[in-house]
Amino acid sequence: MTEARFGPLVRIDPSAWVHPTAQLYGKISLGPRGSVWPNAVIRSELHEVEIGEGSNIQDFVMIHVGYDHPVRIGRFCSVTHHATIHGATLEDHVLIGINATVMDGAVIGAGSVVAGNALVREGSQIPPHSIAAGVPAKVIATRDMTQPNLENAEFYMGNARAYAQDVHRMDQWESNT
């Protein structure tokens, strides 16, 4: 495998895991037990990107700061495959669905889910414990998703520990983690 590519301002907690194909440039911090998966790109030329404890940035995610906004991703969040986060804030225990986009100045409240393919427009405020879906995204239900979102993040923390040991099959995790 190739070596992961990082800029000089990237700070990764020693307990975090980053796949070698991920590209991280600019001022970025990845918290304890966080993970960044294959082909994710995180760029922060103007502001900073902060990714909290236990959060996972999955395959092909694009994270970029906005002109006026940093990116802040709280603790135990999952940003799933092909999602885009651009200058937005995710509070703790948030799940962003596959191929969703969250734009500049948007805030996703704690314990929420943004459904796959949703578009959260600039400056949107999604309250805590919401499920938002659609284009543009609207709150379609109120439900505290803190526990299921934490469980998803914990799954990825275990997955990252296994991958760090070159174990890529769940049926082999028990003997190696």
> Between I140 and V135, is there shared hydrophobic-cluster membership here, with clusters defined by ILVMFWY side-chain heavy atoms closer than 4.5 Å?
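No, it is not one cluster - the side chains of I140 and V135 are not joined through contacts under 4.5 Å.
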> Hey, quick one: are I96 and V139 part of the same hydrophobic cluster, counting side-chain heavy atoms closer than 4.5 Å, chains of contacts allowed?
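Yes, I96 connects to V139 through the hydrophobic network.
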> What orientation do H93 and F76 show, parallel under 30°, tilted 30 to 60°, or perpendicular over 60°?
parallel
> Just how far is it from atom OG1 of T89 to atom CD of Q125, taken to the nearest 0.5 Å?
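Taking OG1 in T89 and CD in Q125, the distance rounds to 8.5 Å.
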> Can you name the nearest heavy-atom pair linking H69 to G87, along with the distance?
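Scanning both residues, the minimum pair turns out to be CB-O, 3.1 Å.
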> Applying the side chain to side chain contact (heavy atoms under 4.5 Å, CB included) test to I108, which of I73, V94, I85 qualifies?
V94
> Of all heavy-atom pairs between M157 and G54, which one has the smallest distance, and what is that distance?
SD-CA, 3.7 Å
> Can a donor-acceptor pair be found, under 3.5 Å and without considering hydrogens, that links the side chain of S15 to the backbone of R33?
yes
> Going from CD1 on I57 to NE2 on H19, what distance comes out if it is rounded to the nearest 0.5 angstrom?
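With rounding to 0.5 Å, CD1 (I57) is 15.5 Å from NE2 (H19).
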> What are the two closest heavy atoms between V65 and E45, and how far apart are they?
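For V65 and E45, the tightest heavy-atom pair comes out as CG2-N, 4.1 Å.
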> I need the E151 CD to S78 OG distance, nearest 0.5 Å.
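Answer for the CD-OG pair, E151 versus S78, is 11.5 Å.
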> Could you check whether E122 and H86, counting side-chain N and O atoms only, form a donor-acceptor pair closer than 3.5 Å?
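Looking only at side-chain atoms, E122 and H86 do not form any donor-acceptor pair under 3.5 Å.
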> What are the two closest heavy atoms between A16 and L30, and how far apart are they?
CB-CD2, 3.7 Å
> The criterion is ring-ring contact (aromatic ring centres under 6.0 Å, His included); which residues satisfy it with H82, sequence neighbours excluded?
F60
> Measuring from atom CG of L9 to atom CZ of R11, what distance do you get when rounded to the nearest 0.5 angstrom?
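One finds 6.0 Å between CG of L9 and CZ of R11.
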> For a quick test of reading the model, state the closest non-hydrogen atom pair linking A22 to V36 and the distance between them.
CB-CG1, 3.7 Å
> Using distance only, find each side-chain donor-acceptor pair of residues 110-120 under 3.5 Å and give its atom names and separation, not counting sequence neighbours.
{"residue": "S112", "atom": "OG", "partner": "G109", "partner atom": "O", "Å": "2.9"}
{"residue": "S112", "atom": "OG", "partner": "P127", "partner atom": "O", "Å": "3.1"}
{"residue": "S112", "atom": "OG", "partner": "H129", "partner atom": "N", "Å": "3.2"}
{"residue": "S112", "atom": "OG", "partner": "S130", "partner atom": "N", "Å": "3.0"}
{"residue": "S112", "atom": "OG", "partner": "S130", "partner atom": "O", "Å": "3.4"}
{"residue": "N117", "atom": "OD1", "partner": "N99", "partner atom": "ND2", "Å": "2.9"}

> Rounded at 0.5 Å granularity, tell me how far OG1 in T142 sits from CG in D144.
10.5 Å
> Check this for me, if you would: do R72 and E91 make a salt bridge, where the nitrogen-to-carboxylate-oxygen distance has to be below 4.0 angstrom?
no
> So if you build clusters from Ile, Leu, Val, Met, Phe, Trp, Tyr with side-chain heavy-atom gaps below 4.5 Å, do I12 and V61 land together?
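Yes; V61 is reachable from I12 via cluster members.
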> May I ask you to test the R43-Q23 pair for a side-chain heavy-atom distance under 4.5 Å?
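R43 does not reach Q23 side chain to side chain.
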> Any chance you could measure N159, atom CG, to H168, atom NE2, to the nearest 0.5 Å?
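Answer rounded to 0.5 Å: 9.0 Å.
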> Please report the C-alpha distance between W37 and H81 in whole Å, then the side-chain angles of each, then the deciding distance to 0.1 Å, and finally whether the side-chain contact (heavy atoms from CB on, under 4.5 Å) criterion is met.
CA-CA 9 Å; W37 291 85; H81 317 288; over 6 Å; no
> Taking all heavy atoms of R75 and all of S55, pick out the closest pair and write down the distance.
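Scanning both residues completely, I find the closest heavy atoms to be C-OG, 3.7 Å.
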> Does L90 form a side-chain contact (heavy atoms from CB on, under 4.5 Å) with V79? I'd like the steps, not just the answer.
CA-CA 10 Å; L90 312 181; V79 181; 3.8 Å; yes
> Is there a path of hydrophobic side-chain contacts, each under 4.5 Å between heavy atoms of I/L/V/M/F/W/Y residues, joining I98 to V102?
no
> Consider side chain to side chain contact (heavy atoms under 4.5 Å, CB included). Of V49, L24, V71, which one does S44 pass it with?
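Option passing the side chain to side chain contact (heavy atoms under 4.5 Å, CB included) with S44: V49.
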> Taking the side chain as every heavy atom from C-beta outward, state whether I42 and V10 have any atom pair closer than 4.5 Å.
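Heavy-atom side-chain distance check fails, nothing below 4.5 Å.
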